[in-house]
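Data block below; observations after.
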Amino acid sequence: MSKIVLITGATSGIGEACAKAFALLNYKIIITGRRKDKLENLKQNLERDFSIEVIALNFDVRDCKAVTQNLHDLPNDWRHIDVLINNAGLSQGLDPIHEGSLTDWETMIDTNIKGLLYVSKIVSSWMISRKSGHIINIGSIAGKEVYANGNVYCATKHAVDALNKAMRIDLLPHGIKVSAIHPGAVETEFSVVRFHGDQEKAAKVYEGYEPLLASDIAETIVFIATRPAHVNINDLVIMPTSQASTSHHLKNI
Ligand code: NDP
Ligand code: 8X3
């Protein structure tokens, strides 16, 4: 029987690359995101290219009611989620603390922390009833270090780091693995979103060195998800070879 993976934020970047990587392993895939057109396109492409079953759930992870409704509407056999990839997340702005936008801060906190919690609470309860499952949290090097003007984004990813450790302790008695991967700079839509659509500014983030690709992260997540039952990767930091520490990539901004 095919395993099932649920990937939040699969409409671009790392989430989309994960969907393709797990499709290669013949998983049944649940993809989520706010952009319905991208979600439907990805579903059609995965079904066509890999002959697998895919369910697309269109919701905003910040909306607890929508998260609950969409997950509870899944057919019963699709609730047997083997792997949850908590990927949906974003950065908004790059400003010193006294100049930061409250709206940006709330968006990051609501998405990166509260959204991750809403999804994890429901899916972990299903995993507990089956005494198996694997939650893989997408943290960041920004959850291990802080950099100038990264303040609130770094705080949200430090929270993901803490939740990853806490979930692992709470869920261990129930046979559930919990892992985190913490990437450095990966060239995705991340910087375009951070700079509110300013493509030119976003491109500068990746100038003068070779960033990671979304597929590098997806391949590593597949590695984490496919270890034998007695092996868990607790925490994995993955950086571009040319980015020794977190602030390196923002020197052009
Ligand atoms: P992208 O912007 O390419 O992808 C982000 C994904 O998250 C999109 O699918 C987006 O979908 C989804 N998302 C964002 N907000 C919401 C929301 N409120 N509700 C539902 N889905 C949402 O960036 P990445 O692929 O780079 O980012 C993925 C994760 O990786 C994030 O958690 C990010 O913090 C983390 N990360 C990224 C790094 C990088 O350098 N790129 C490095 C370290 C970590 P949609 O807009 O359709 O809702
Ligand atoms: C994304 C990596 O260093 O831009 O989480 O914050 S960084």
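Here the structure is a predicted model, which means the values were calculated and not measured.
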For this session: Sequence neighbours left out, what passes ring pair (Phe, Tyr, Trp, His ring centres under 6.0 Å) with His230? Give chain and number order.
Result: none
Exercise. In Å and rounded to the nearest 0.5 Å, what is the CG to CD1 distance from Leu6 to Ile31?
Worked result: 10.0 Å
For this session: Find out whether Leu94 and Arg194 are in side-chain contact, i.e. whether some heavy atom of one side chain is under 4.5 Å from a heavy atom of the other.
Result: yes
Exercise. Do the side chains of Val83 and Phe50 join up, straight or via other hydrophobic residues, at under 4.5 Å, putting them in one cluster?
Worked result: yes
Exercise. Going hydrophobic residue to hydrophobic residue with side-chain gaps under 4.5 angstrom, can you get from Met239 over to Ile224?
Worked result: no
Exercise. Do Leu90 and Val205 belong to the same hydrophobic cluster, where Ile, Leu, Val, Met, Phe, Trp and Tyr are linked whenever their side-chain heavy atoms lie under 4.5 Å apart, directly or via other members?
Worked result: no
For this session: Taking the side chain as every heavy atom from C-beta outward, state whether Thr220 and Val222 have any atom pair closer than 4.5 Å.
Result: no
Exercise. Going from NZ on Lys114 to OG1 on Thr156, what distance comes out if it is rounded to the nearest 0.5 angstrom?
Worked result: 13.0 Å
Exercise. More than 12 non-hydrogen atoms from neighbouring residues, nucleotides or ligands closer than 6.0 Å to CD on Glu200, yes or no?
Worked result: no
Problem set entry | Trace of the side chain to side chain contact (heavy atoms under 4.5 Å, CB included) decision for Val193 with Gln92 | CA-CA 7 Å; Val193 172; Gln92 296 267 269; 3.6 Å; yes
Seminar exercise, completed: Closest non-hydrogen atoms of Ala214 and Thr188, given as atom of the first, atom of the second and distance, are CB-CG2, 4.2 Å
For this session: Tell me, with the steps shown, if Asp104 and Leu102 meet side chain to side chain contact (heavy atoms under 4.5 Å, CB included).
Result: CA-CA 5 Å; Asp104 285 351; Leu102 290 181; over 6 Å; no
Seminar exercise, completed: Separation between CG (Leu116) and CG (Asp110), nearest 0.5 Å, reads 13.0 Å
Exercise. Do Arg130 and Asp82 touch side chain to side chain, with heavy atoms closer than 4.5 Å?
Worked result: yes
For this session: Would you indicate whether the side-chain heavy atoms of Leu74 and Ile55 approach each other to under 4.5 Å?
Result: yes
For this session: Might you work through the side chain to side chain contact (heavy atoms under 4.5 Å, CB included) test for Ile136 and Leu84, ending with a clear yes or no?
Result: CA-CA 6 Å; Ile136 303 178; Leu84 164 64; over 6 Å; no
For this session: Spell out, yes or no, whether Val186 and Tyr206 are grouped together once hydrophobic residues are joined by side-chain heavy atoms under 4.5 Å, including indirect joins.
Result: no
For this session: Starting at CG of Asn26, measure out to CD of Glu53 and round the result to the nearest 0.5 Å.
Result: 10.0 Å
Exercise. How about Asp198 and Val192: do any of their side-chain heavy atoms sit closer than 4.5 Å?
Worked result: no
Problem set entry | Heavy-atom donor-acceptor pair, Lys177 side chain to Val231 backbone, under 3.5 Å | yes
Seminar exercise, completed: Heavy atoms of Ile138 and Ile181 approach each other most closely as CD1-CG2, 3.6 Å
Exercise. How close do Gln243 and Ala185 get, heavy atom to heavy atom, and via which atoms?
Worked result: OE1-N, 2.9 Å
For this session: Show your reasoning for whether salt bridge (charged side-chain N to carboxylate O under 4.0 Å, His left out) applies to Glu189 and Lys38.
Result: CA-CA 13 Å; Glu189 293 181 14; Lys38 288 197 166 241; 3.6 Å; yes
For this session: Report yes or no: do Ile176 and Ile122 belong to one cluster of Ile/Leu/Val/Met/Phe/Trp/Tyr joined by side chain heavy-atom distances under 4.5 Å?
Result: yes
Exercise. Are the aromatic rings of Tyr153 and Tyr147 close, with centres under 6.0 Å apart?
Worked result: no
Side-chain donor-acceptor distances from residues 165-174 under 3.5 Å, at least two apart:
{"from": "Lys165", "atom 1": "NZ", "to": "Asp161", "atom 2": "OD2", "distance (Å)": "3.4"}
{"from": "Arg168", "atom 1": "NH1", "to": "Val178", "atom 2": "O", "distance (Å)": "2.9"}
{"from": "Arg168", "atom 1": "NH1", "to": "Asn234", "atom 2": "O", "distance (Å)": "3.2"}

Problem set entry | Minimum side-chain heavy-atom gap Tyr118-Ile113 below 4.5 Å | no
Exercise. Side-chain contact, heavy-atom cut-off 4.5 Å: Ile30 with Val5?
Worked result: no
Problem set entry | cation_pi(Arg227, Phe223) dist<6.0 Å, angle<=45 | yes
Would you list the atom pairs, donor with acceptor, under 3.5 Å between side chains in residues 57-64 and any protein atom, with sequence neighbours excluded?
{"from": "Asn58", "atom 1": "ND2", "to": "Gly33", "atom 2": "O", "distance (Å)": "2.9"}
{"from": "Asn58", "atom 1": "ND2", "to": "Arg34", "atom 2": "O", "distance (Å)": "3.0"}
{"from": "Asp60", "atom 1": "OD1", "to": "Arg62", "atom 2": "N", "distance (Å)": "2.8"}
{"from": "Asp60", "atom 1": "OD1", "to": "Arg62", "atom 2": "NE", "distance (Å)": "3.1"}
{"from": "Asp60", "atom 1": "OD2", "to": "Arg62", "atom 2": "NE", "distance (Å)": "3.3"}
{"from": "Asp60", "atom 1": "OD2", "to": "Arg62", "atom 2": "NH2", "distance (Å)": "2.7"}
{"from": "Asp63", "atom 1": "OD1", "to": "Lys65", "atom 2": "N", "distance (Å)": "3.2"}
{"from": "Asp63", "atom 1": "OD1", "to": "Ala66", "atom 2": "N", "distance (Å)": "3.1"}

Problem set entry | Under the ring pair (Phe, Tyr, Trp, His ring centres under 6.0 Å) test, residues paired with Phe195 that sit two or more places apart | none
Exercise. Would you say the side chains of Asp95 and Ser101 form a donor-acceptor pair under 3.5 Å?
Worked result: no
Problem set entry | Heavy-atom closest contact (Ser179 atom, His134 atom, distance) | OG-NE2, 2.8 Å
Problem set entry | Straight-line distance of Ile135 CD1 to Met127 CE, nearest 0.5 Å | 5.0 Å
Exercise. Which atom names give the shortest non-hydrogen contact between Ile238 and Leu212, and what distance separates them?
Worked result: O-CD1, 3.6 Å
Exercise. Quick one: does Ile217's side chain get under 4.5 Å of Ile221's, heavy atoms only?
Worked result: yes
For this session: Check ring pair (Phe, Tyr, Trp, His ring centres under 6.0 Å) between Trp126 and all other residues, then give those that pass, not counting sequence neighbours.
Result: His72
Exercise. Which value, rounded to the nearest 0.5 Å, describes the distance between Glu106 atom CD and Thr111 atom OG1?
Worked result: 11.0 Å
For this session: Please check if the side chain of Thr11 supplies one atom and the backbone of Leu39 the other of a donor-acceptor pair under 3.5 Å.
Result: no
For this session: In sequence, state the C-alpha distance, the side-chain angles, and the governing distance for Tyr27 and Val54, and then conclude on side chain to side chain contact (heavy atoms under 4.5 Å, CB included).
Result: CA-CA 9 Å; Tyr27 273 60; Val54 179; over 6 Å; no
Exercise. Has Glu207 got more than 12 heavy atoms of other residues, nucleotides or ligands less than 6.0 Å from its CD?
Worked result: yes
Exercise. With distance as the sole test, does His182 use its side chain to make a donor-acceptor pair with the main-chain N or O of Val237 at under 3.5 Å?
Worked result: no
Exercise. Asn86 and side chain to side chain donor-acceptor pair (under 3.5 Å): which partner among Asn137, Thr8, Asn164, Asn112?
Worked result: Asn137
For residues 12-25, please give each side-chain donor-acceptor pair under 3.5 Å, one per line with the distance, not counting sequence neighbours.
{"from": "Ser12", "atom 1": "OG", "to": "Arg35", "atom 2": "NH2", "distance (Å)": "3.3"}
{"from": "Glu16", "atom 1": "OE2", "to": "Lys20", "atom 2": "NZ", "distance (Å)": "3.4"}

Problem set entry | Ser245 versus Glu145, closest heavy-atom pair with distance | CB-OE1, 3.8 Å
